[in-house]
Visitor: 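Right, I'll just put the structure down here and ask away after.
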Amino acid sequence: MPKKPNIKKEALNKRKEKPHGIGEKVINILKILNLIEQDRHPTVKELAQICEVSERSIYRYLYILNQVVPIVYDPKLGGYTFENPHALKSIPVEKEELAVILTLNDVLKKSAPSLSEKLMSLMEKINPVGKKPHGQIHHYLPNIQTELDIEKFNIISEAALERMQLMIKYHSINTNEVTERLIDPYGLIFHDGLWFVYAYCHLRQDTRTFAIDRIIEIKQMKTKFNIPEGFTLREKLKQSWFIWEAEPVEVKVKFSKDVAELIKRKPKWHHSEQRTENPDGTITLTFTVSGTDEIKWWLYSWIPHFEIIEPVTLKETMKEELKKALERIN
DNA sequence: AATGCTTTGACTACAGTGAT
DNA sequence: ATCACTGTAGTCAAAGCATT
């Protein structure tokens, strides 16, 4: 014989005061959802009091809620939480869009692992329980797998974001000198497998690019800095061949017919490029770049298929360097 | 108003945990 | 091992709710 439940008078009176239809149920479930979302990690007892229903009903509400958003009881917190903290903030994302994020993550993993972690946590926020791509399809192959000093990188990133000045001890490769400088970090640049910080240097009273791996010591200052009105790093860097700054120079180079097709594979090798396809099959390119060092390295990769027309100084330098190289080979 | 459906509280059972 | 305690879930009849 099953025992008959005996609903107490008190409970019956309460029911009469407050009807228990679907509407009331929905309101209670939303109340619970709201409390969990606010990280109040409520207990069943508390919820029963708040909703003015029995604990058994709360378990039933939680069961329903669990169909929509996974909810778990956390013994440490002593109450209920979302299984995934960002569960409700989920945005519908296409597989292709996720694949793009994975590609970007591939780039970051190989250049700035600490940023990769941030991207992944962002992805978790965007798409906590949604579909995941089967795997990565686009791959980024840098020429160097970077070993980055994450601590230094993070200090500089934060300083650049917050516009806080930095005091650095820098070991220059060119001069082989160690100097201490106050800098205003404008931004970070990833180039050729290495990270650089572009900054205003108070020692030189001018902007400079510092390789992060050459920074020996770094300390964040309590002073803020301002970036000149209208300054953007992207615009500034456009003038360089890669990243280094110097006086603008016009460089005119003629490439032989042998490599004309290779040259034509890129519509432009630098944003300042002017291209002339000559009747004899050769191609003349004219660039305006800041400094000739970086473009010189690029030109060496085209040996022996080019001829420098301007400037004469670059032509002379390369002649000297190639002469030395020949001597070494012999 | 009659009917079927939904919601509810009480009771119960059971698994897991921690103290003894 | 035993016990107390807690969290969870199945079940039932009562009562309200929705629909016709």
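So you know, we letter chains A, B, ... as the sequences are listed, proteins then strands, and number each from 1.
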Visitor: Return whichever of R60(A) or V72(A) has its heavy-atom-nearest nucleotide of DNA chain C closer to the 5' end.
Guide: V72(A)

Visitor: Expressed in angstrom and rounded to an integer, what is the separation of L62(A) atom CG from dG10(C) atom C1'?
Guide: 16 Å

Visitor: Taking CD1 from I64(A) and P from dA9(C), how many angstroms apart are they, rounded to a whole number?
Guide: 12 Å

Visitor: In whole angstrom, what separates K25(A)'s NZ from dG16(C)'s P?
Guide: 18 Å

Visitor: Is there a side-chain contact between Y59(A) and the phosphate of dG10(C), meaning an N or O under 4.0 Å from OP1 or OP2?
Guide: no

Visitor: Let me know which of I36(A), I50(A), V26(A), L47(A) forms a side-chain contact (heavy atoms from CB on, under 4.5 Å) with K31(A).
Guide: I50(A)

Visitor: Between Y63(A) (OH) and dT8(B) (P), how many Å, whole number?
Guide: 16 Å

Visitor: Which part of the nucleic acid does Y73(A) contact within heavy-atom distance under 4.0 Å: base, sugar-phosphate only, or nothing?
Guide: sugar-phosphate

Visitor: Using whole Å, what does the distance between atom P of nucleotide dT7(B) and atom OH of Y61(A) come to?
Guide: 9 Å

Visitor: Would you mind telling me which residue lines up with the more 5' stretch of DNA chain C, G78(A) or R56(A), judged by nearest nucleotide?
Guide: G78(A)

Visitor: If you apply the rule ring pair (Phe, Tyr, Trp, His ring centres under 6.0 Å), what do you find for W302(A) with W269(A), and how did you get there?
Guide: CA-CA 13 Å; W302(A) 291 100; W269(A) 291 83; 5.7 Å; yes

Visitor: Nearest whole angstrom, please: distance from the C1' of dC5(C) to the NZ of K45(A).
Guide: 10 Å

Visitor: Looking at K238(A), is its backbone amide N or carbonyl O close enough to the side chain of H270(A) to form a donor-acceptor pair, meaning the two atoms are under 3.5 Å apart?
Guide: yes

Visitor: Does dT8(B) have its OP1 or OP2 closer than 4.0 Å to a side-chain nitrogen or oxygen of S54(A)?
Guide: no

Visitor: Whole Å only: how far is the CG atom of N28(A) from the C1' atom of dT8(B)?
Guide: 12 Å

Visitor: How long is the line joining CD1 of I27(A) and P of dC17(C), in whole Å?
Guide: 13 Å

Visitor: Taking all non-hydrogen atoms of both residues, which atom of P185(A) and which atom of M164(A) are closest, and how far apart?
Guide: CD-O, 3.5 Å

